[in-house]
Structure formats: structure tokens, C-alpha cells
> 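Pasting in a structure now, in C-alpha cells, and then I'll have a few things to ask.
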Number of protein chains: 2
Amino acid sequence: MSQTVDRALSILPLLAEGPANLEQVAGRLGVHKSTALRLLRTLHEHGMVYRQSDQRYRLGARLFALAQQAVENLDVREIAHPHLVELNEKCGHTVHLAVYEENEVLYIDKVESRYPVRMYSRIGKPVAITVAAVAKLLLADLPEPERRALAEKLDYPLYTSRSTPHAQAFLAELAKVREQGWATDLGGHEESINCVGAPVRGADGRLVAAMSVSAPNVVVTAEELLTLLPLVRRTADAISREYSGNTRVPDTQDQKEARP
Amino acid sequence: MSQTVDRALSILPLLAEGPANLEQVAGRLGVHKSTALRLLRTLHEHGMVYRQSDQRYRLGARLFALAQQAVENLDVREIAHPHLVELNEKCGHTVHLAVYEENEVLYIDKVESRYPVRMYSRIGKPVAITVAAVAKLLLADLPEPERRALAEKLDYPLYTSRSTPHAQAFLAELAKVREQGWATDLGGHEESINCVGAPVRGADGRLVAAMSVSAPNVVVTAEELLTLLPLVRRTADAISREYSGNTRVPDTQDQKEARP
DNA sequence: AGTTCTTGTTGCACTGTGTGCAACACCCAT
DNA sequence: ATGGGTGTTGCACACAGTGCAACAAGAACT
């Protein structure tokens, strides 16, 4: 909608791929060098980009700080965290918490496995949406037309032979997940890794997040992992209960400045 | 430099404090509602802000993803990580890695303590610059005028009775750190938490990062923690060596597309 | 040392983009 | 129904953003 801002923001993902110099930025934006320079300077003033010693630009520190503050404001995360830690202490595996937002599913919290073999994933990383257990749970909760539209639009990369191959299969899987109230990913993303997930619901019954436990085959088989399902569901339910209990007050809190 | 972009970017830190509606945003920016609306829409299109169900805006998912990609591009981090893990396995305490960037020091990696009592800190969070061991190390390496200028400009919050009280004391501390090649924070940020840190240097001898080990009093006393100093320094040196070895090649790599 | 590229920076005239206004649409309360 | 509180749309004006061309500063040659 706003050309200048649009261009400026387009620089960020571009730099996320790796550092770039002025000409490269100007080139990829399709604007004159001087224009790109002004945009970069503005971004720089706000700490969004950083100019390294070789004069090339890369993403700046403020970005981290912002992402940081943003994630701290998600109250589900705050409530869920101790539960995730507790679950991790009981079973020892990696525990994830994820939310859905505008056609993306992303991890907002993670407790690392106690076993030496760990998964590669990170808070803030978008999830493999067509296969991950948490993604299935979150998408299964979308209203039918939206779910359908999204499913049609997605890519279905074949990470492994057990990845969801196409929209039709995905929608069928979502229906199943919706029905049973939990989800799995059995080697759909990485051949040797399995996950079991359960939904976290708000007071209105809608999903606000999803959580999962993941472990590689070498540590426990898929069958063994599935025995954890009741524990996972109980944890998710505990979070749901606590989250729903918190029936929204904090908004006005920061305004109040009353004296005793 | 660019008014529109400047305004748009100013919205982000504002939303980082918490969700806000159109009027609040317009008000705090000092612009008309319609202007704020257009800016927010542009930010929205880029996934930088998200519109929650009550119509208020908050920071969006893309921000996480960007910060994520940004941190992955920092090659010190990649090299350092296994060393940090190893150090954590040896001593069990929380290990941090931090860099300096434009008047800020921020954590770029962290390995959690194995003990149940954990510190509150997070990757991406700006460090308490006047007291943290890693901050002292990084600032001590700045050229004298810059260091002085920064020290004068900083605030010196008294987190505890042992916090650095003012610029003069801070500069003296930095001189000491520079001299001895390592740094501590003994209860300067939180009464009961101590840290020992050591510098990571590039091929040119300049600091590229700093690392530290932190532990609360209840687990080990400050004296006991200091006995880890040689180990911490050895780890930092190992990272320095590996980092310097990597004498910059990767730049051209992504351009190449030659046939066999 | 001189010359030629390459890349970043500055000043300026033009116009296209962002601006604020006012009117409108909408929702929730009363 | 009626009112206040929001978010949204269309439009005329002007100023902020644009691209150009000329300049500066290095690096990489000969």
C-alpha cells in the first residue's frame, strides 16, 4: 500500500539470506542506488540493519530485541512454559509449543531433549506445515473453507517417503486429527523422527496453540512414543485450563496509576 | 532520512510494548488515523504486524522468522556452539555467547544450566551493559575515544549494591578487564548470580564475541566459579582459533554456478 | 605513479506518492 | 432508535521520495 515502506521492508528478507552491498540491494529491489541508500539509512537508524566492516549490510540487532519482546508478549507461552518443562522432565524428549498465524505455523517455545541426539529446530522457525503434528492440529481447527483454501495453496515437499503428498491426503489427515483430538508425525519430516502432539484450547474452545513431543527412532520407537500420548494430552489440557482461567484482565493494568 | 519508513518503523517498538489499536498508534506517532492505517497495512502485508481478533495490532510472525535467519547467518555463533555445549557438559552451568553491535551488547547463543535453578535470559535480549561480564569484555576492546564516549552516555542502573555506579568506575573496570584479558560480574546484575567471561578474537586480534559462564550462589560460590576461569579461557581460545582459521572464503560461494 | 574500473555518496529538479481532511460505515451500548 | 466510539474510503494538495548525473574514494590493474 505504501510504496516506500513496502520497498524498505522488502530489503529485510533479502538481507536475511545473507549480507549484501548497496548495488545488490538496489538491483534486487529494482530501484536506483540512491533510493536504496536512503532506505538502508533509515533502516539503519532504527537498528534494523547493520553495516559490517566490509561495508555490506546485514540484519541488525534491534530485530532480535523486537522479536524477543514480541514473543514475551504471547501469554500462552508464559503459561505453558512450566508445563512444558515438567513434561520434559518426565519423559526426557524435546517438547515444542507452536501457534498458527496467517498461513504459517511457528514454534514459540521449545524445551531441549535430555538425550544427546537432538533435533534441529528453533523458536521462531516456521514449521514444516504439511507434516508436523502441531501444524496438523492447528490447521484442523480452522473453519472448513479456510482450511480447504490453505490446503490447496500449500506446497507438499516430499521430505521423506512418508510426507503428506498432496492436498487431498492432507485434508483427510486433518479430518482424522480433528476427530481424534491429537496428531502424530511419524517420520514425515525426517525419516528417523516421530512426534505426538495435542491441542491447547482457549475458553471459547478454539485452538490457541499446539504442543508436541518429538524423539528420534534411535531413542524410542514410534510405538513407545505413542504410549506417552495420555501424558501429552494431560499436559495440553492442563495448559488449556490454566489459560482459560485467566479470563483477560491485564489490558487495563498498565494504565492504572492509582494511589493507595 | 525517509519520513514514511521512519514512521512505519517507529510503530514496531511501540507495538513491542503490547498490542495497540489504530487510534493509539496514530496518537503516539503524531499522525492522522488514515496515515497510521496505511502504514499498518503495509507492515501487515509484510507479516511484520498481526491483527488479532479484537482488531488490535501486535508484532507479527515474520519478525521471528527474520530474527531467526539473521542469527543463523552469524558465523561466530555456528563455530562457537559446539564449544559452548562442551563447556556446559563439563561444568553444568549456563553458558552465554554475546556480540557488540552499535552501542548494544546482545546474547546470540545460550546453553542452559543443567541445574534446576536457571537464570532468566534469552537469545536476542540486550545485555545489562554496565555490569555483565561479556559486556565488559566487548566494550574494553573498543578504541579509547569510542569507549569513553559510550561510557559517558550510558545509564548506570543500580540493579544491586554491587552494580557499576558511574562512568568513571566503569572505565576503570574496563581498563582492568582489558589488562587481564577476562572479566567477572559478581552479583552486579542479580545479587545472587556470578559470571566469569573470556573474549573470542578474530584473526586481526579484535574481539568478535565474548562468552561467559553464570551460576547462582546457591549452586557454587563466587570463589568456586572463579576456579573455572582457565577452562572458560581455554574454550574461548579454542573458538578464536577455529574462527581465525576460517579465513573468509564463503562470500563468492553463492554466486558460483559453473558447470563441470 | 598513473590510469581505469568499481562502488558509495551528494545535490537537485520533477512528479508521484504520502498526507490530512471530511464524510462515511460499522458496531456495541444505552 | 440514538448516540458515541471505531475503523475505513475518496480526494485535492503539496511535499517527500525519486532517478539522474556528477562527484569522491578506493581497489586493481598496467
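By convention in this document, chain letters (A, B, ...) are assigned in the order of the sequence lines, proteins followed by strands, and residues within each chain are numbered from 1. Hydrogens, waters and symmetry mates play no part in the numbers below; they use all other heavy atoms, side chains included.
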> In this structure, how many angstroms lie between the P atom of D:dT9 and the CG atom of B:Leu22, rounded?
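Whole-Å distance recorded here is 12 Å.
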> Can a side chain N or O of B:Arg41 be found less than 4.0 Å away from OP1 or OP2 on D:dT9?
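Checking D:dT9 against B:Arg41, a side-chain N or O does come within under 4.0 Å of OP1 or OP2.
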> Is the ring pair B:Tyr107/B:His96 parallel, tilted or perpendicular, if the boundaries are 30 and 60 degrees?
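If you compare the ring of B:Tyr107 with that of B:His96, the planes turn out parallel.
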> Would you mind telling me which residue lines up with the more 5' stretch of DNA chain C, A:Leu37 or A:Val5, judged by nearest nucleotide?
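In this pair, the answer is A:Leu37.
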> Can you see if the side chain of B:Ser2 gets near the phosphate of D:dG17 - specifically, an N or O under 4.0 Å from OP1 or OP2?
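The answer is yes; a side-chain N or O of B:Ser2 sits under 4.0 Å from OP1 or OP2.
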> For the pair made of CD in A:Gln24 and P in C:dT7, what is the distance, rounded to whole Å?
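Computing the A:Gln24:CD to C:dT7:P distance gives 9 Å.
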> Other residues, nucleotides and ligands only: do more than 12 of their heavy atoms fall within 6.0 Å of CD on B:Gln180?
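More than 12 heavy atoms, drawn from other residues, nucleotides or ligands, come within 6.0 Å of this atom.
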> Could you work out which one of D:dG17, C:dT9, D:dG7 sits closest to the side chain of B:Lys33?
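Closest nucleotide among those given: D:dG7.
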> Measuring to OP1 and OP2 of C:dT19, would you say a side-chain N or O of B:Ser34 lies under 4.0 angstrom away?
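B:Ser34 to C:dT19 OP1/OP2: no side-chain N or O under 4.0 Å.
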> Grab the CD-C1' distance between B:Glu23 and D:dG7 for me, whole Å please.
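My rounded result for the distance is 9 Å.
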> Nearest whole Å is fine: how far is C:dG18 P from A:Met1 CE?
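So the two atoms are 10 Å apart, to the nearest Å.
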> Tell me whether the side-chain N/O atoms of A:Arg7 come closer than 4.0 Å to OP1 or OP2 in D:dG17.
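Checking D:dG17 against A:Arg7, no side-chain N or O comes under 4.0 Å of OP1 or OP2.
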> Using OP1 and OP2 only, check whether a side-chain N or O of A:Arg38 sits under 4.0 Å from D:dG17.
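No, outside the criterion.
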> Under the criterion side chain to side chain contact (heavy atoms under 4.5 Å, CB included), I'd like the reasoning laid out for B:Met211 against B:Ile239: C-alpha separation, chi angles, the key distance, then a yes or no.
CA-CA 10 Å; B:Met211 54 170 296; B:Ile239 299 170; 3.9 Å; yes
> In whole Å, what is the span from the OH atom of A:Tyr57 to the P atom of C:dT7?
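To the nearest whole Å, that distance equals 14 Å.
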> The side chain of A:Gln55 lies closest to which of these nucleotides: D:dT18, C:dG8, D:dT6?
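Between D:dT18, C:dG8, D:dT6, the one nearest the side chain of A:Gln55 would be C:dG8.
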> To the nearest angstrom, how far is A:Asp54 atom CG from C:dT7 atom C1'?
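Atom-to-atom, A:Asp54 to C:dT7, this comes out as 13 Å.
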> Are B:Tyr57 and B:Arg51 close enough, and set up right, to give a side-chain hydrogen bond (donor to acceptor under 3.5 Å, both in side chains), and what steps lead you there?
CA-CA 5 Å; B:Tyr57 295 89; B:Arg51 193 142 201 203; 3.2 Å; yes
> Quick check on D:dG17: is either OP1 or OP2 less than 4.0 Å from any side-chain nitrogen or oxygen of A:Thr35?
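A:Thr35 to D:dG17 OP1/OP2: no side-chain N or O under 4.0 Å.
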> Rounded to whole Å, how long is the line connecting atom CD of A:Gln52 with atom C1' of C:dG8?
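Between C1' of C:dG8 and CD of A:Gln52: 16 Å.
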> Check this one for me: any side-chain N or O of A:His32 less than 4.0 Å away from OP1 or OP2 of D:dT18?
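No, outside the criterion.
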> Select one nucleotide: of C:dT17, D:dT6, C:dG8, the one nearest the side-chain heavy atoms of A:Gln3.
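When the side chain of A:Gln3 is considered, C:dT17 is the closest of C:dT17, D:dT6, C:dG8.
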> How close or far is atom C1' of C:dT6 from atom CG of A:Asn21, stated in whole angstroms?
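My rounded result for the distance is 10 Å.
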> For atom CD of B:Gln168, is the number of surrounding heavy atoms from other residues, nucleotides or ligands below 6.0 Å larger than 12?
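Counting neighbours around CD of B:Gln168, 12 or fewer heavy atoms of other residues, nucleotides or ligands fall under 6.0 Å, so no.
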